[in-house]
Structure formats: structure tokens, C-alpha cells
Number of protein chains: 2
Amino acid sequence: MNEKTRRPALAKAGRSSPTLEDLATAAGVSRSTASRAINGGLKVSPEAQAAVDAAIVALGYTPNRAARSLVTRRTASVALVIPEPDARVMMDPYFAAVITGVNEALRETDMQLVLLMSRTGDDSARTIRYLRGGHVDGAIVVSHHRADAWVESLGDTGLPTVFIGRPWDTGSGIPFVDLDNFEGGRLAAQHLARLGRTKLGTVAGPGDMTAAVDRLEGWLQGLREAGLQPGPVVHGDFTTPGGADAARNLFAQAPELDGVFAASDLMALGVVDAVRGAGRRVPDDVAVVGFDNHAILAPGGIGLTTVTHPVADMAEAAGQLLLRAIEDPGQGMDPLIYPPELVVRGSTVG
Amino acid sequence: MNEKTRRPALAKAGRSSPTLEDLATAAGVSRSTASRAINGGLKVSPEAQAAVDAAIVALGYTPNRAARSLVTRRTASVALVIPEPDARVMMDPYFAAVITGVNEALRETDMQLVLLMSRTGDDSARTIRYLRGGHVDGAIVVSHHRADAWVESLGDTGLPTVFIGRPWDTGSGIPFVDLDNFEGGRLAAQHLARLGRTKLGTVAGPGDMTAAVDRLEGWLQGLREAGLQPGPVVHGDFTTPGGADAARNLFAQAPELDGVFAASDLMALGVVDAVRGAGRRVPDDVAVVGFDNHAILAPGGIGLTTVTHPVADMAEAAGQLLLRAIEDPGQGMDPLIYPPELVVRGSTVG
DNA sequence: CCATGACGTGAGAGCGCTCCCACCGACCCT
DNA sequence: AGGGTCGGTGGGAGCGCTCTCACGTCATGG
């Protein structure tokens with residue numbers, strides 16, 4: 001009757017990105033055919049496919065993810081959950097490697113990475129609600145402490161989830177990717193023992209993280225196997241200043257130490273620093289072994305003897321694991337354990 | 001006629017999360033009222049509001065973002081674009097601080113952070129298509145090189161965009177948050193000049209990044225103002241090994257240097273290392289000034305004199321700027337420039 | 001020769017939500 | 001009293017997409 005009812009159509013024609021309908025019209029096919037052509041092109045004639053392809057380019061068409069997601073119940077995005085309360089901890093190159101690796105796994109897909117950092121307890125409630133709300137197709141959870149048990153409940157929600165680093169409760173059968181941290185600690189012990197070091201101190205990681213606990217146990221086991229007494233053990237927080245503090249603490253307890261194992265390279269850096277600050281030489285007086293094999297330049301141009309920890313690769317594997325889990329859910333997956341290797345550098349052998 | 005037509009209804013009743021319809025039914029109100037109650041509760045009676053609130057809890061209702069997004073044309077997510085081709089560069093604490101800061105800005109909103117790292121040229125095409133496709137409400141672009149000009153075209157797409165770090169082309173009027181890098185460089189020069197250092201070397205950053213160029217220019221300007229000749233200038237890549245290499249290069253050119261300005265703390269660490277490797281002392285023989293004020297322990301327990309660069313704060317500000325831009329688009333925004341400060345530590349004064 | 005596919009196609013419904021609009025009582029003003 | 005306004009409400013349309021289904025149109029086979 002009047003022109004008012006046309007308003008929506010006019011508005012649509014005005015700006016905004018082209019819809020599938022527009023695309024189909026431009027290609028001279030139906031919406032259905034256009035849709036098929038976009039999604040794999042099964043049951044589409046070559047001519048129709050070509051027409052649609054051309055129209056896509058001509059119109060600069062991008063499918064509306066919201067609309068697609070609404071009907072497919074897929075969001076084409078995965079969450080990377082970092083339950084780290086402390087911003088300072090984010091500085092750890094570990095997270096950079098994780099992000100890089102996960103991103104790499106997603107590169108060839110159209111999946112997007114949604115970053116979920118929850119710090120306060122309040123936040124974690126929001127996070128879990130978000131994850132359960134079906135806003136992502138899957139989740140990768142990284143570096144969680146014993147207190148972060150809530151993330152482990154993700155296993156029950158049916159949301160495909162992969163952990164990077166062994167979760168505290170493996171009973172729920174959530175797949176995870178981890179380093180054989182125990183073996184890594186053992187390698188460090190073997191190395192120092194073989195060098196003839198006998199008075200060994202330990203800068204362990206936080207006791208509420210599986211990686212730290214495993215490394216410590218492996219290290220102690222290695223010492224035992226070598227017939228050595230474990231010296232003092234101090235826990236650090238995986239940071240360099242923390243490592244330095246721990247080392248000072250260590251030497252206060254046992255000034256005669258001739259070797260120190262730090263459960264991370266960052267802490268090892270602090271250890272080296274503290275050793276030198278006390279007027280001792282590395283490695284001559286005190287040999288230092290780190291963990292992670294970050295490309296860190298140790299002070300004085302010496303390299304840091306360390307245990308490899310291919311975080312980026314592992315994160316990428318976790319991403320691929322997750323993609324598989326999203327493809328066909330319900331299929332159980334075995335944990336993926338990477339073997340560590342010792343890398344000998346100047347901090348233990350002159 | 002038969003029961004087949006009921007299948008969808010039955011399926012819906014079966015599993016899957018409750019819809020707004022379900023919520024409304026449970027609350028004894030209409031879908032419209034339920035919707036209003038959820039979205040701010042305007043024009044909703046207290047009773048209705050209470051009923052809906054109760055139903056939300058009872059059903060564990062979460063709005064379907066896809067459906068909402070479909071009609072509101074808002075996605076409740078923003079992109080953090082990192083056009084860094086090199087995974088190693090991601091290790092820079094800078095990015096960790098950026099991510100932390102942006103995340104902080106988004107905390108109180110329901111916005112999610114989508115990470116977009118584009119490395120190859122292929123990727124950048126995908127990235128820009130994604131951004132233009134209306135899949136996010138806004139974008140924050142960080143650390144882009146001169147070659148990454150494509151990101152600056154974002155300004156034309158109408159997508160609210162904020163840069164962290166001045167873009168090369170400020171003509172397009174894209175808002176950005178930056179440090180006064182020029183002034184920072186100048187502060188470093190003033191400091192070393194005041195200490196009586198006269199033979200000064202420079203480890204600059206990559207010449208294709210505005211921050212590096214600005215710091216260099218400020219530094220040179222500061223030297224000029226102090227009546228000093230600029231010594232040799234070598235460009236590093238903002239990494240520690242790169243800084244060490246650059247420093248060695250520097251001392252090969254001019255062994256008599258008694259002060260070095262490195263355009264980042266990471267590089268400064270490498271410089272200190274190289275200086276000591278050459279048998280000189282810091283700060284006695286060579287004073288070293290860094291840039292960024294990362295909480296880095298300099299070798300030997302001395303602190304690093306540096307220029308503050310509150311990246312996390314700036315990133316948070318960028319996030320807030322973006323949120324404002326999303327709220328009411330089309331409104332021009334002035335750049336936000338943070339003043340740097342000199343922090344004097346052991347690497348310049350014994 | 002018509003049944004039987006395989007293949008390509010288009011119409012239509014509907015995913016869960018918001019928003020416009022019409023409605024309805026309660027209240028206030030001439 | 002009658003005609004406003006106004007807070008609160010529900011119905012309906014429609015966002016852009018996928019997917020089921022029925023409908024041609026050809027080749028193939030009995």
C-alpha cells in the first residue's frame with residue numbers, strides 16, 4: 001500500500017555486507033545451491049560452482065558466522081583458557097609459546113582463538129559459564145594450579161577439552177599433552193652426578209603445579225639412583241627474581257653447594273645471578289641446570305644447560321588433538337607425552 | 001497426521017541448552033518480557049524481573065550469542081591483531097603485557113578477545129577478510145611494521161580500530177595509544193650526558209617500527225642538546241641475542257665507548273652481557289640504559305637503568321578507547337600519548 | 001518402452017534471539 | 001466523564017544461514 005514496508009529491503013540494499021541471497025542472485029542460482037557451493041561444493045555442477053565462486057569474488061562475500069553458527073551449532077572458535085591470576089606470570093615465555101603453538105594448529109582451519117584469562121574467582125565463574133554456554137567448540141586449558149579444579153569439571157560438560165600439562169585429576173579421562181617432567185628432572189640429576197657434583201641444591205617450582213612436582217620427584221629419584229643425598233630444596237615461583245631469592249636461600253642453608261637444579265630456565269637465570277652475586281663462578285664453583293630450553297642467554301655469555309621442553313610443538317599438538325575431538329566427539333584420547341632431552345651448555349661444563 | 005512432525009520439538013526438549021522460549025515459559029512471561037528482563041530490565045515489572053531471574057538460575061540459562069549477534073549485528077568480541085611473522089618475537093614480554101592489559105579492559109564487559117596472529121602474506125589476507133566480515137565489533141592492532149600497511153586500511157572499513165603504537169600513516173586519523181618514545185630517547189641521552197659519559201653508542205630497534213625510529217631520534221636530539229657527538233648506531237631486533245650482537249658490533253667500531261643506549265631492555269641485557277664478555281665492567285667502564293622497564297634482573301644483580309613504558313596500562317587504555325569507539329562510532333578520537341620516565345638503576349650508577 | 005536410479009536444483013522451514021508495534025489497564029489532566 | 005499519557009506486556013516478523021525434502025532431468029537397465 002505504501003512504501004514503508006520496503007524500508008528493510010532498502011536498508012539492506014544500502015550498506016552492510018552481501019548476504020547469501022545476494023550472492024545467489026548475482027550468481028544466478030538459488031540460495032541453496034550457493035550454500036552448497038560454499039560448503040564443499042558437493043552436488044553442485046561445475047558451472048554453478050564457477051558462477052558462485054565468481055560472485056564471491058565480485059561481491060566480496062563473507063558468510064555471516066552468527067547465522068551459520070545459529071543453525072549448525074558450531075561456532076568455529078576454540079578457547080584458550082589461562083587460569084592465571086597473576087599478570088606477572090603471563091610474562092613467562094611459556095605462554096607465548098603456547099599461544100603460538102595453538103595458533104599454528106588453527107592456521108589452516110577457519111577456527112578462531114578466543115583468549116580466556118580468568119584471575120579472580122568471580123572471573124572463573126564467568127569463564128565456565130561462557131564455556132558451558134556453547135560459545136566455543138572446544139577448549140584448551142593451560143597451566144592450572146591445584147586450586148583451579150573448576151577447569152577439570154569441563155570434562156563433564158561434553159565440551160571437547162584438551163589440557164596442556166597434566167591436570168591434577170586425570171581420573172576424568174580428559175586428554176592432555178605433557179612433557180615427561182619426571183624424566184626431565186631425572187636427566188638433570190644424572191648430568192650433575194656424572195659431572196661429579198655431589199652437593200646439590202634444588203630450586204623447585206610451585207608445589208601446586210603438576211609439572212613442578214613431577215620435575216622435583218624425577219630429580220630426587222635421579223639423585224637416589226646416583227647414590228647422592230638430596231641437598232636443600234626451596235620452592236620458587238618460576239620467575240627469575242624468584243629463582244634468585246630461592247638460590248640465596250639455598251646458599252644460606254648450604255654454602256658448600258656445587259650444583260643447583262632449577263625447575264625452569266627463568267629461575268635458573270636467577271640462580272646464576274645469585275651465585276655470581278655471592279662471588280662464585282658458574283660453572284666452576286657451582287654448576288646450574290635449568291629446565292625448558294628457552295633461548296635464553298645466560299649472563300656472561302655462557303649458555304644454560306637445560307632440559308628441552310618443546311612447548312610450542314606440544315601446544316600445536318594439543319590444538320590438533322582438540323580439532324580431532326571436535327570432529328568426532330565421544331572418542332577417548334590417550335595423553336600425549338613428550339620425551340625431554342638434556343642440552344649441555346656452559347652453565348655446567350666450562 | 002503422524003508424529004513425525006513433532007520430532008524437532010521432542011529433540012529440543014531432550015538435550016541442548018534452554019532457549020529464551022523455555023526461560024519465558026518457566027518464568028510465566030512472554031519471550032519479549034524475558035528478553036527485556038535479560039537486557040537491562042527496562043520496562044519490566046519487578047515481579048516479572050524476579051521471575052525471570054529465578055528462572056535463569058533454575059534453568060542455567062545462557063543466551064545464545066549467535067542468535068543475538070544475528071539480530072543485533074554485534075558480536076560481543078574484539079580482535080587483537082598481532083601482525084608478527086616471527087614466533088620468536090612473540091616471546092617479548094611486550095605482547096604478554098599487551099594481552100594482559102587488553103584483557104583487563106574487557107573484564108567487566110561481556111566482550112571476548114579473539115587473537116589474530118598473521119604471519120605470512122596469505123594469513124594477512126584471511127585476517128583482513130575476517131575483520132571486514134563483521135565477525136568482531138572492533139580491533140586493536142599492535143606492533144606493526146612498515147610492511148604491514150594493510151592493517152591501516154582497517155580505518156576505511158568502518159570497523160572501530162585502535163592502534164597500540166603509532167601507525168606509520170596517521171593521516172587516516174585512526175586513534176592510537178603510544179608512549180612518547182621521542183622523549184624517552186631524549187631522557188636516556190640526558191641521563192648519560194649528565195653522568196659525564198661522552199662516547200656513546202646506540203643499539204637502535206628495527207628501522208621499520210615507529211617506536212624504534214622515534215626513540216632513536218629522541219636520543220640523537222638529546223645528544224645534540226647536550227653538545228655530544230652521536231657515536232656509532234647499530235640496529236638490533238629487540239631481542240637479547242640481537243642486542244648482544246649489536247653491542248659487539250658497536251665495540252668493534254668504537255672500543256672506547258663509555259655508554260650505550262639500547263632501545264629495549266631485552267637488547268640492553270644483551271649489551272650488558274657483551275660488555276662483560278669483553279672484560280669491561282658495567283657501569284664503571286660502560287653505562288647502559290635500556291628502554292621499557294620490564295622487571296628484568298640485569299646480570300650480576302645490578303638493575304637496569306631504563307625508561308618506563310607502561311605497556312599494560314596503555315593496552316588497557318586502548319581497550320577502553322576501543323570500547324568507547326564501539327559504543328558510539330564515527331566519533332573522532334585523539335591519540336593518547338603516555339609520558340616516559342627515567343628509572344635510574346645500577347647499570348648506569350654504581 | 002517405462003521403471004530406476006543418480007544428480008543437480010530450489011522452495012521452505014526454522015535455528016534463538018531482538019525489536020517494532022499494537023494493546024491494555026491505571027492514572028492524570030482538562 | 002472523555003481523552004490523553006505511560007508503564008508494562010505479548011505477538012509477530014525477520015536477522016542470514018543450513019538442511020531436509022520434493023522436484024525435475026538426464027543416463028541406464030530390464
Side-chain angles (χ1 to χ4, degrees), chain A residues 4-25 27-52 56 59 61-76 110 133-135, chain B residues 4-25 27-52 56 59 61-76 110 133-135:
Chain A
K4 261 200 213 147
T5 56
R6 285 182 169 270
R7 191 178 45 76
L10 288 174
K12 196 203 312 183
R15 25 73 210 293
S16 116
S17 46
T19 74
L20 184 59
E21 192 79 56
D22 302 336
L23 183 73
T25 307
V29 298
S30 74
R31 208 177 56 245
S32 309
T33 302
S35 174
R36 272 186 294 259
I38 288 166
N39 302 297
L42 256 73
K43 308 251 187 189
V44 177
S45 67
E47 303 84 56
Q49 182 72 52
V52 173
I56 289 175
L59 271 61
Y61 172 76
T62 322
N64 182 317
R65 283 166 95 99
R68 176 178 281 178
S69 171
L70 184 56
V71 41
T72 59
R73 270 108 203 302
R74 293 281 227 87
T75 63
D110 70 335
H135 303 312
Chain B
K4 262 200 210 146
T5 56
R6 287 184 167 270
R7 190 176 45 74
L10 288 174
K12 197 202 313 182
R15 29 66 209 301
S16 118
S17 47
T19 74
L20 184 59
E21 192 79 56
D22 302 337
L23 183 72
T25 308
V29 298
S30 74
R31 208 177 58 246
S32 308
T33 301
S35 175
R36 272 186 294 259
I38 288 168
N39 301 297
L42 257 71
K43 309 251 184 188
V44 176
S45 68
E47 304 83 55
Q49 182 72 52
V52 172
I56 289 175
L59 272 60
Y61 172 78
T62 321
N64 182 319
R65 283 167 95 97
R68 176 178 281 178
S69 170
L70 185 56
V71 40
T72 59
R73 268 110 202 302
R74 294 281 226 88
T75 62
D110 70 336
H135 303 312

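In the text below, chain A, chain B and the rest are named by the order of the sequence lines, each starting its count at 1. Computed from a predicted structure; not experimentally measured.
Residues satisfying the side-chain contact (heavy atoms from CB on, under 4.5 Å) criterion with A:Ser45, sequence neighbours excluded, are A:Glu47, A:Ala48. A:Arg31 pairs by the salt bridge (Lys or Arg N to Asp or Glu O under 4.0 Å) definition with A:Glu21, not counting sequence neighbours. B:Ser30 is linked by a side chain to side chain donor-acceptor pair (under 3.5 Å) to B:Thr33, counting only residues two or more places apart in sequence or in another chain. Residues that satisfy the side chain to side chain donor-acceptor pair (under 3.5 Å) test with A:Ser32, not counting sequence neighbours, are absent from this structure.
Here D:dT18 presents its P atom at 6 Å from CD1 of A:Ile38, a figure rounded to the nearest Å. For A:Arg74 and D:dG16, the CZ to P distance is 23 Å, given to the nearest whole Å. Rounded to whole Å, the distance from CG on A:Leu70 to C1' on C:dC15 is 4 Å. Rounded to whole angstrom, the span from the CG atom of A:Asp22 across to the C1' atom of D:dG16 amounts to 10 Å. When rounded to the nearest whole Å, the span between CG of B:Leu20 and P of C:dC17 equals 5 Å. What separates CD of A:Glu21 from P of D:dC17 is a distance of 9 Å, to the nearest Å. As rounded to whole Å, 15 Å separates atom C1' of D:dG16 from atom CG of A:Leu59.
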Checklist entry - Reading nucleotides 6-12 of chain C from the 5' end, what letters show protein touch, with B for base, S for backbone sugar-phosphate only, - for no heavy atom under 4.0 Å? => result --SBBBB
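Distance check: A:Leu20 CG to A:Thr62 OG1 gives 12.0 Å after rounding to the nearest 0.5 Å. With rounding to the nearest 0.5 angstrom, the CZ atom of B:Arg65 is 10.5 Å from the OG1 atom of A:Thr75. With values rounded to the nearest 0.5 angstrom, A:Thr19 atom OG1 is found 9.5 Å from A:Asn64 atom CG.
Distances shown here put every side-chain N or O of B:Tyr61 at or beyond 4.0 Å from the OP1 or OP2 atom of C:dG16. At the phosphate of D:dT18, OP1 or OP2 sits under 4.0 Å from a side-chain N or O atom of A:Asn39.
For B:Asn64, counting side-chain heavy atoms from C-beta on, the closest listed nucleotide (C:dC19, C:dC17, D:dC17) is C:dC17. Comparing atom distances between the B:Val71 side chain and each of D:dT18, C:dC17, D:dG16 picks out C:dC17 as nearest.
Of the possible donor and acceptor atoms, none in the side chain of A:Arg68 sits under 3.5 Å from a partner among the backbone N and O of A:Pro63.
Listed here is the closest heavy atom pair of B:Val29 and B:Ala34: CG2-N, 4.0 Å.
When the local axes at the two ends of the helix from C:dC1-D:dG30 to C:dC28-D:dG3 are compared, using 5 base pairs at each end, they differ in direction by 60° after rounding to 10°.
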